[in-house]
Amino acid sequence: MQSSLFSVSSNWTADKVVDGCLKQNIGSDCCTHTAWNRNKALWQVDLGKLSTISYITIYNRDEGVQFPRRLAGYQLYLSNTSDWSQGILCYEDKSNNWTEVEMVVTHRCPYVAKFVTIYNYRNDPARHDWYEDNAVLELCEVQVFGCPIRKYGNGNCNQTCSDKCYGGNCDASTGSCFYCLPGKWSHTCDQDCSSGCEGCIQNGSCTDCVSGKWGDTCDRDCSKNCNDCFQNNESCKDCIRGKHGNSCELYCPTHCANDACDREFGLCIDCKPGKRGETCDLDCPAKCKDLLCEKTTGFCSECMDGMYGYKCEKACPAECGSNKCRRSDGTCEDTDTCTRTDNITVVAVLAAVAALCSVTAIASFVYMLRIRAALKTEQTKATEEHYTGIDMAGRDDLNAYYEMSSPNATTN
């Protein structure tokens, strides 16, 4: 498969690269030719099944100085699928001059793969000014040498890889395992890793050491004061309690709490009661309760009774009961005294309010009585005047009646 086909001839196809013809001129119809005026070009072959590849030989068109310029910068990939970008880059041409680009070249590619891909591209600007502007491939033959997986043998593949090889795969030419099973090393993976190794590679060097060991094969003991040390030197990663330094040979400062300090500088993790500072060599303020203070600032955690301030250097106000006040601002905290004083004040205020309310109520009552008395007087006077008027009118009518009834009355 190739990314494009040159329009001049339909004979310059991808299959020409694996037909066994080693001629390197395009006129022999033994070569492929991708399209012109492209910035990417690709050729790929499917080996049919996973194979252990040993090496790959490339024959490129070679008919003048322009052809190394065209091939320059190419890349060779091996992959298990047709997606070559997810495979392994076996080789990339980084020639600094066109004369360094080889037209027949063999690349060692000891990997297991199913697809072989040759890829080229052109950037703008170009990686080198002597590069051909277009990305084009003119491959005449690509030969892939190797064996079926789990087999090796130069030319015949009649030997079986060691069963200690990881995945059963080995170099197709030498039979050396690509990787070993855990705990094994050597080219055939038949040697045990050192007992001090967490794991080892094929030359027997440990990838990491068990705790307490160091060295390439983890066969050396860490310092007795180390909890653990680095593999490549005897420096300690961590120290036993009470020690610090590269080899944990120094003592932590005397006043470190629990004898704990950092390995590198010997600074205390925390301080014993009464002490502060990076190495706990300073005293906490004397008025701190239980002599407990913050390690860096020296501020008291709490104050002794009667004192306040961040370092408990100020006396609480005299009116605070039991000499207790808030550490930050000196506000009294004794609820008994403060409540008693507050209660007296509240009672006095309430008594005054009650007295005022009583006086107001009495005055209102007296005022209402006076109003009612005045209203009653007015009503009585009006009633008397009303009945007096009625009586006088009645008398006049009665007199008139008597006059009309008298025998001596004259009639007009």
Side-chain angles (χ1 to χ4, degrees), residues 179-186 189 191-315 325-330:
Y179 304 101
C180 293
L181 293 171
K184 296 291 184 178
W185 72 278
S186 83
C189 299
Q191 300 293 316
D192 293 327
C193 297
S194 165
S195 60
C197 289
E198 287 284 5
C200 66
I201 57 178
Q202 282 178 272
N203 65 0
S205 296
C206 298
T207 55
D208 201 1
C209 295
V210 298
S211 181
K213 294 288 186 178
W214 72 282
D216 287 341
T217 56
C218 302
D219 56 348
R220 305 179 69 178
D221 294 326
C222 298
S223 164
K224 65 180 181 179
N225 292 329
C226 290
N227 282 328
D228 199 5
C229 60
F230 294 98
Q231 181 184 351
N232 58 352
N233 59 57
E234 198 178 355
S235 296
C236 298
K237 292 181 182 178
D238 190 27
C239 296
I240 62 173
R241 186 180 298 276
K243 293 286 189 174
H244 76 95
N246 285 337
S247 299
C248 301
E249 74 282 9
L250 304 174
Y251 286 98
C252 292
T254 304
H255 298 295
C256 290
N258 300 316
D259 290 330
C261 63
D262 82 291
R263 182 193 66 82
E264 187 173 4
F265 300 108
L267 304 180
C268 295
I269 307 303
D270 205 353
C271 294
K272 292 179 179 178
K275 292 294 182 178
R276 66 180 180 88
E278 291 185 334
T279 56
C280 302
D281 56 338
L282 302 174
D283 294 326
C284 290
K287 298 298 182 179
C288 291
K289 186 176 181 179
D290 299 325
L291 291 178
L292 296 178
C293 66
E294 201 278 328
K295 175 174 173 285
T296 303
T297 63
F299 293 166
C300 296
S301 302
E302 292 183 60
C303 291
M304 299 176 100
D305 290 350
M307 305 302 294
Y308 78 97
Y310 288 111
K311 295 187 177 181
C312 303
E313 72 278 15
K314 302 173 184 178
C325 61
R326 188 182 302 157
R327 184 175 71 90
S328 59
D329 58 12

Open item on the list: Looking at C180 and C189, are the sulfur gammas closer than 2.5 Å to each other?
Closed with: yes

- [ ] Determine if the SG-SG distance between C288 and C312 falls under 2.5 Å.
- [x]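 The answer is no, since C312 and C288 keep their SG atoms 2.5 Å or more apart.
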
Measure the spacing between [atom1] of [X] and [atom2] of [Y] and express it to the nearest 0.5 Å.
X: W214; Y: C218; atom1: CH2; atom2: SG; result: 10.5 Å
X: C209; Y: D228; atom1: SG; atom2: CG; result: 8.5 Å
X: Q202; Y: K184; atom1: CD; atom2: NZ; result: 13.5 Å
X: R327; Y: K289; atom1: CZ; atom2: NZ; result: 12.5 Å
X: C248; Y: N227; atom1: SG; atom2: CG; result: 7.5 Å

Is it the case that the side chain of [X] and the backbone of [Y] share a donor-acceptor pair, with hydrogens and angles ignored and the cut-off at 3.5 Å?
X: W185; Y: D192; result: yes
X: K272; Y: T254; result: yes
X: R276; Y: D283; result: yes
X: D216; Y: S205; result: no
X: T207; Y: I201; result: no
X: S223; Y: N225; result: yes
X: S194; Y: T217; result: yes

Task: Pi-cation contact, Y251 with K243 (under 6.0 Å, within 45°) - done: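 Yes, a cation-pi geometry.
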
Do other residues, nucleotides or ligands put more than 12 heavy atoms under 6.0 Å from the [atom1] atom of [X]?
X: K237; atom1: NZ; value: yes
X: F230; atom1: CZ; value: yes
X: Q191; atom1: CD; value: yes

- [ ] Taking only Lys NZ, Arg NE, NH1 and NH2, and the carboxylate oxygens of Asp or Glu, determine whether D281 and K275 approach each other closer than 4.0 Å.
- [x]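 K275 and D281: not salt-bridged.
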
Open item on the list: I want to check something: taking the side chain as every heavy atom from C-beta on, are P285 and C293 in contact at a cut-off of under 4.5 Å?
Closed with: yes

TODO: Decide whether S235 and N233 meet the rule of one side-chain donor and one side-chain acceptor closer than 3.5 Å.
DONE: yes

